[in-house]
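Within every chain, numbering begins at 1; the chains are lettered A, B, ... in the order of the sequence lines, protein sequences first and strands thereafter.
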Protein chains: 2
Amino acid sequence: MITEAAKDSIRAVIYIALYREDREFISIKEIAQTLNLSFYFLSKNLLKLVKAGILESFRGPKGGVNFKKDPKEVKLIDIISAIDGTYIFESCILGFKECSETNPCAIHNKWAEERKRLYDMFNISVKKVADEIKSGEIKNIKI
Amino acid sequence: MITEAAKDSIRAVIYIALYREDREFISIKEIAQTLNLSFYFLSKNLLKLVKAGILESFRGPKGGVNFKKDPKEVKLIDIISAIDGTYIFESCILGFKECSETNPCAIHNKWAEERKRLYDMFNISVKKVADEIKSGEIKNIKI
DNA sequence: AAATTTTAAGATAATTTTATCTTAAATTTG
DNA sequence: CAAATTTAAGATAAAATTATCTTAAAATTT
Ligand code: SF4
Ligand code: SF4
């Protein structure tokens, strides 16, 4: 569905949204340790979000990453797109290379709808996800 | 979402359902050539369906594969399960290892519903897919 | 200024998935 | 029976993804 890289990244931005409070930057090490993710892999992936303009980063002690865009404006779709690309939401579920909409296979109508729904599901802001986690009174992010 | 192996296999069984007519066995070579798939990869994957009891196979000239179960009884879900396992339809979209249903994250309710819908989408028999392709008057399977 | 911390960038390695090849076994054909 | 055809099984290789490591650059701390 979506890659591990994208899943890790989504969890990371949710973590940042939840725990940045008034800090300027949150270190990737802290995120990786708390979420039990590989620091190396996460670093590489979050860098993509930096390059996509979603996060900003800062080097040195006190360094780390933080939102560049307002988390209210960052949708999970944006994370997935930056990491995996948008292909999933445009792809054929059966892997046909060429296929006409005008003469679709038996599951196309269903798939076209699901694809849209999956897109909609991820079309939710990081802030909203974080707020809902908070409102559920979850004390620590589950790992 | 589902692996290439599963997609290839689904297309192959649909092909068999469409073109077996009264033949005892359809050679994997024929399927691979028509669908423009790797004979090697397809052979290996269809063998899994044989072992799962969905197809049966026969060696030698006139050999090949064909349905062991009635294609009316074979759902796309069965193909996917035999090839990829059922994990997708039980998995967490964010990749959390532990997560309680009683205190779910913001997208869990949506994901749980989508997961179910995706399952339902694939819970369609090979026969039904083949029949709908036929009724749509598609002359050749699109590749 | 030197040592330390942290991201940046790119090399390297491990794992998983996909693809290919080889040999063997079963079956048919001639 | 010999040759040809086709799946079976497992080895090997290529590609993609995931994971790790190394060195450099930027910033802070001492
Ligand atoms: S019609 Fe079927 S095979 Fe073609 S793109 Fe849609 S889902 Fe895929
Ligand atoms: S609650 Fe969210 S994180 Fe947990 S299993 Fe459901 S979708 Fe995954």
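Between the side chain of B/Lys44 and the base of C/dT17 there is no donor-acceptor pair of N/O atoms closer than 3.5 Å.
If you find the closest nucleotide of DNA chain D to A/Ala6 and to A/Phe58, the one lying nearer the 5' end belongs to A/Ala6. Remark on DNA chain C: of its neighbouring residues B/Asp84 and B/Gly60, the 5'-side contact belongs to B/Asp84, judged by nearest-heavy-atom nucleotide.
Residue A/Leu55 contributes atom CG, which lies 18 Å from atom P of C/dT6 at whole-angstrom precision. Nucleotide D/dT17 holds its P atom 19 Å from the CG atom of A/Leu42, rounded to whole Å. Going from atom CG of A/Asp8 over to atom C1' of D/dT18 covers 10 Å, rounded to whole Å. With rounding to whole Å, B/Tyr40 atom OH is found 7 Å from C/dT22 atom P. The separation between B/Ile16 atom CD1 and D/dT7 atom P is 10 Å, rounded to whole Å.
Contact annotation: B/Lys62 does not reach the phosphate of D/dT7 (side-chain N/O to OP1 or OP2, under 4.0 Å).
Of the candidate nucleotides C/dT18, D/dT6, D/dA25, D/dT6 has the atom lying nearest to any side-chain atom of B/Arg59. Candidate nucleotides D/dA8, C/dA8, C/dT7 were compared by shortest atom distance to the side chain of B/Ser57, and D/dA8 ranks first. The nucleotide whose nearest atom lies closest to any side-chain atom of B/Lys29 is, among D/dT28, C/dT7, D/dT6, D/dT6. The B/Ser38 side chain lies nearest to C/dA19 when the options are C/dA19, D/dT20, C/dT18.
Among the heavy atoms of the strands, none lies under 4.0 Å from B/Ser43. A/Lys51 comes within 4.0 angstrom of the backbone, heavy atoms only, and of no base.
Between B/Phe39 and B/Ser27 there is no side-chain heavy-atom pair separated by less than 4.5 Å.
For B/Asn45 (side chain) and B/Ser9 (main-chain N/O), no donor-acceptor pair under 3.5 Å exists by modelled atom type.
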